[in-house]
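Structure, as C-alpha cells:
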Protein chains: 2
Amino acid sequence: MNETASPRSEAKAVRRQALLDAAAALFAAQGFAGVSLDDLGAAVGVSGPAIYRHFSGKQAVLGALLVGVSEELLTGGSRAAGLAPGGEADDGGTSLRALVAFHVDFALSKPDVIRVQDRDFTSLSPEDQNAVRTLQLAYVDVWVEALRRLQPEASRAELRLRAQAVFGLINSTPHSVGRTRRDGGRVPAAPARKLLESMALAALTAPSATPSS
Amino acid sequence: MNETASPRSEAKAVRRQALLDAAAALFAAQGFAGVSLDDLGAAVGVSGPAIYRHFSGKQAVLGALLVGVSEELLTGGSRAAGLAPGGEADDGGTSLRALVAFHVDFALSKPDVIRVQDRDFTSLSPEDQNAVRTLQLAYVDVWVEALRRLQPEASRAELRLRAQAVFGLINSTPHSVGRTRRDGGRVPAAPARKLLESMALAALTAPSATPSS
DNA sequence: CTGATCAGTTAGTGACGATTAACTGAAAAC
DNA sequence: GTTTTCAGTTAATCGTCACTAACTGATCAG
C-alpha cells in the first residue's frame with residue numbers, strides 16, 4: 001500500500017516503532033524503573049542490548065516516546081482548535097468542544113502513553129524534560145486561547161488551572177475504563193466518551209465563584 | 001501538651017512518622033524506585049539500615065504510607081458525607097458538597113501522598129495492593145451513594161466513573177498549584193480551592209447526554 | 001548497680017541491570 | 001564477487017542498591 005520507497009532497511013523503522021509501542025505498554029504497567037532493557041527487548045523479539053542499535057540508551061527510549069506524544073497532542077490540538085467553520089471569529093465554544101473531543105479520544109485510544117507521561121516525566125533527561133514541558137505549555141496555551149474567547153475577564157492563571165484540571169479529569173480514564181473486552185463493572189468506552197465530554201465542558205464553564213451557597 | 005504518657009521510647013513513634021513524611025516527599029519527587037534507603041535515612045538524620053528498626057523493608061514503608069492515606073480518605077470522607085444536618089434524608093447535595101470540599105482540602109494539603117498513591121501503587125506488595133484497593137473502593141462508594149440520591153436513575157458504573165474522573169480533576173492540583181510561596185504564574189491555593197470545588201460540582205452534575213448541539 | 005533491650009552504626013554480601021566489547025551473518029554497495 | 005555496513009548476539013564490566021551481620025552505647029527494668 002503506502003510503501004515509502006525506502007530500501008529494505010525500513011525494517012529498522014518498523015522495529016523502532018515496535019520498541020516504542022512495547023515501551024509504552026511496559027512503562028505504563030511497571031514504571032520506567034521497573035522495566036529492564038532485557039524485558040523491553042524480549043517484548044519485541046530481540047533481546048537485550050540490541051536496543052542500542054535504535055536508541056542511545058534506556059532514557060532515550062523514554063524521551064522519544066514522550067516527546068512524540070507531546071508533539072502529537074500539540075499538533076492535534078492546534079488542528080482541532082482551528083476547525084471552527086466560521087473562521088477565527090467564533091465564540092470559542094466550537095473550538096472548545098473540538099478540543100475536548102480530541103483530548104478524550106486521545107486519552108481513550110492511547111491510555112498507556114498518557115499514563116507514562118505524567119508518571120515517569122522525572123525520569124527524562126533534563127533536555128527532554130524541557131522539550132516536553134515546552135510542548136505541553138504550548139498545548140495548554142491552545143486551550144487557554146479557546147477559553148479566553150468564552151471568558152475574557154478570567155485571568156490566564158485561572159484558565160490554565162482549568163485546563164490542567166480538565167486534563168486530570170480526562171486522563172483519569174485509564175484507571176477507570178475497561179481496557180479490553182469483557183470488562184466487569186466498568187463503563188464501556190463508547191458511552192464513556194460522551195460522558196467525559198459532558199463533564200469536561202461542564203467543568204470548563206463552571207462559574208468562578210460558587211453561586212448559590 | 002498532649003503527652004500520651006508513653007515512655008520515652010515514643011521517640012520511636014516520632015522517628016517513624018518522620019520517616020513516613022520524608023518518604024512521601026521523596027517518593028513524590030523521585031518515585032519509589034528512585035529513592036534509596038540511604039536517601040530516605042539521610043532525610044531524617046539517620047543513615048541507611050536504621051530504617052529496619054521501624055519497617056520490615058522498603059516496600060513496607062510504602063505500604064504504611066499508602067494504607068494510611070487510604071484510611072484517612074475513607075474515614076474523612078465518611079464523616080464528611082454524614083455531616084448532612086437534616087440527617088440521612090437530605091437530597092444528597094449537601095453530602096456531595098461536603099465530600100468535594102473535603103477532597104479538595106485533602107489534595108491541597110497533602111499533594112505528595114496523592115501523587116505517590118496513583119504513581120507507585122504497583123510497587124506495593126500484593127497484600128498492600130489489596131488493602132489499598134479495598135479502601136479506595138469503599139471511598140468511591142461513599143461518593144456513589146451521595147450521587148445516587150441526586151441521580152437515582154444513573155447506573156452505578158456511570159457514577160463510579162464520575163467519581164473517579166472528579167478525583168482526577170482534583171488530584172491534578174499538585175501539578176498545577178504553586179507548592180510554596182513565591183510562585184510564578186500559578187493560582188495561589190486559597191482561590192484555587194473554590195474554583196476546584198465549583199468545577200468538581202459542575203462535572204458531577206453535568207448531564208449524561210450532551211444536551212444542545 | 002546490673003543486665004537486657006533496642007535504636008543506631010559501619011562493613012559486608014548478592015542481585016540485578018545498564019552499558020560496553022568482541023563477534024557473526026546477511027543484505028547493500030560497487 | 002568482494003567488501004562494507006549494520007542489526008543482532010553473547011560475554012564481560014561496573015555501579016548501585018536492598019538487605020544482613022556484628023557491634024556499640026544508651027536507656028530502662030529489677
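Because only heavy atoms are used, hydrogens play no part in the values below, and waters and symmetry mates are left out as well, while side chains stay in. Every chain is numbered from 1, with letters handed out A, B, ... down the list of sequences. Being a predicted model, the structure only gives us computed values, none of them experimental.
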Please confirm whether the ring centroid of F167(A) lies under 6.0 Å from the ring centroid of Y139(A). yes
All salt bridge (charged side-chain N to carboxylate O under 4.0 Å, His left out) counterparts of K110(A), not counting sequence neighbours: E72(A)
Qualifying residues under side chain to side chain donor-acceptor pair (under 3.5 Å), relative to S123(B), sequence neighbours excluded: none
Just to verify, what does T75(B) make a side chain to side chain donor-acceptor pair (under 3.5 Å) with, not counting sequence neighbours? none
Sequence neighbours left out, cut at 3.5 Å: what donor-acceptor pairs do the side chains of residues 130-137 of chain A make with other protein atoms?
unit_1: T134(A); atom_1: OG1; unit_2: N130(A); atom_2: O; d: 2.8

What pairs meet the side-chain hydrogen bond (donor to acceptor under 3.5 Å, both in side chains) rule with one or both residues in residues 22-34 of chain B, with sequence neighbours excluded? none
Over how many whole Å does the gap from F55(A) atom CZ to dA18(C) atom P extend? 15 Å
Side-chain polar contacts of residues 38-53 of chain A - donor-acceptor pairs under 3.5 angstrom, sequence neighbours left out - could you list them?
unit_1: D39(A); atom_1: OD1; unit_2: S36(A); atom_2: OG; d: 3.4
unit_1: D39(A); atom_1: OD2; unit_2: S36(A); atom_2: N; d: 3.2
unit_1: D39(A); atom_1: OD2; unit_2: S36(A); atom_2: OG; d: 3.3

If I take atom CG in residue L19(B) and atom C1' in nucleotide dG8(C), what distance separates them, rounded to the nearest angstrom? 12 Å
Nearest whole Å is fine: how far is dA7(D) P from Q17(A) CD? 17 Å
Pairs in or reaching into residues 157-168 of chain A: which pass side-chain hydrogen bond (donor to acceptor under 3.5 Å, both in side chains), with residues at least two apart or in two chains? E158(A)-R162(A), E158(A)-S208(A), R162(A)-S208(A)
Check this one for me: any side-chain N or O of R16(B) less than 4.0 Å away from OP1 or OP2 of dA7(C)? no
Short side-chain N/O contact to dC6(C) OP1/OP2 from H54(B), under 4.0 Å: no
Taking five pairs at each end of the helix from dC1(C)-dG30(D) to dC30(C)-dG1(D), what angle separates the two helix axes (nearest 10°)? 10°
Under 3.5 Å, N/O pairs linking protein and nucleotides 17-24 of chain D:
unit_1: dA18(D); atom_1: OP1; unit_2: V35(B); atom_2: O; d: 3.4
unit_1: dA18(D); atom_1: OP1; unit_2: K58(B); atom_2: NZ; d: 2.7
unit_1: dA18(D); atom_1: OP2; unit_2: L37(B); atom_2: N; d: 2.6
unit_1: dC19(D); atom_1: OP2; unit_2: Y52(B); atom_2: OH; d: 3.0
unit_1: dC19(D); atom_1: OP2; unit_2: K58(B); atom_2: N; d: 3.0
unit_1: dC19(D); atom_1: O5'; unit_2: Y52(B); atom_2: OH; d: 3.0

